[in-house]
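Notes for the one structure printed next.
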Amino acid sequence: MCHSIKQLFYELGASPAIHELDREAHGRELEWALRSLGCPAVPAVFIGGRFVGSAKEILSLHLDGSLKQMLIHANAIWF
């Protein structure tokens, strides 16, 4: 699912900062830190420094058109 979310952001024109926890030296610690912040699963997506959700929430936001608007508001993409 992480790959699909990355592709979605690229297709929308964003250049996301991606931290693949399974490839990070301290990935397990980062995952536990995310969980302690209330992120239930990976991918944990932040837009404009704010936690937005995991894959399910991102796909829902994309389907209703909100995701693109959030990215524009965060200056992550231009329209």
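- Ile77 places a side-chain heavy atom less than 4.5 Å from the side chain of Lys68.
- For the atom pair CZ of Arg28 and CG of Leu21, the computed distance is 10.0 Å after rounding to the nearest 0.5 Å.
- Using a 4.5 Å cut-off on side-chain heavy atoms (C-beta onward), Trp78 and Leu71 make no contact.
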Passes side-chain hydrogen bond (donor to acceptor under 3.5 Å, both in side chains), Glu57 versus Ser54? Steps please. CA-CA 6 Å; Glu57 289 81 18; Ser54 60; 2.8 Å; yes

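- Between Glu24 and Glu20 there is no side-chain heavy-atom pair separated by less than 4.5 Å.
- The heavy-atom pair separating Gly38 from Phe51 by the smallest distance is O-CE2, 4.1 Å.
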For Phe46 and Leu34, run side chain to side chain contact (heavy atoms under 4.5 Å, CB included): C-alpha distance rounded to whole Å, both residues' side-chain angles, the deciding distance at 0.1 Å, then the answer. CA-CA 11 Å; Phe46 292 77; Leu34 287 169; 3.9 Å; yes

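- In this structure, Ile47 and His73 have side chains that are not in contact, with every pair of non-hydrogen atoms separated by 4.5 Å or more.
- In this structure, Tyr10 and Ile5 have side chains that are not in contact, with every pair of non-hydrogen atoms separated by 4.5 Å or more.
- Proximity of Leu67 to Leu59: side-chain heavy atoms (C-beta onward) are nowhere separated by under 4.5 Å.
- In this structure, the side chains of Val45 and Phe9 come closer than 4.5 Å at one or more pairs of heavy atoms.
- A donor-acceptor contact shorter than 3.5 Å is absent between the side chain of Gln69 and the backbone of Ser66.
- Closest of all the heavy-atom pairs between Ala33 and Ser36 is O-OG, 2.7 Å.
- A salt bridge is absent between Lys6 and Glu11: the closest approach of a Lys/Arg side-chain nitrogen to an acidic carboxylate oxygen does not fall below 4.0 angstrom.
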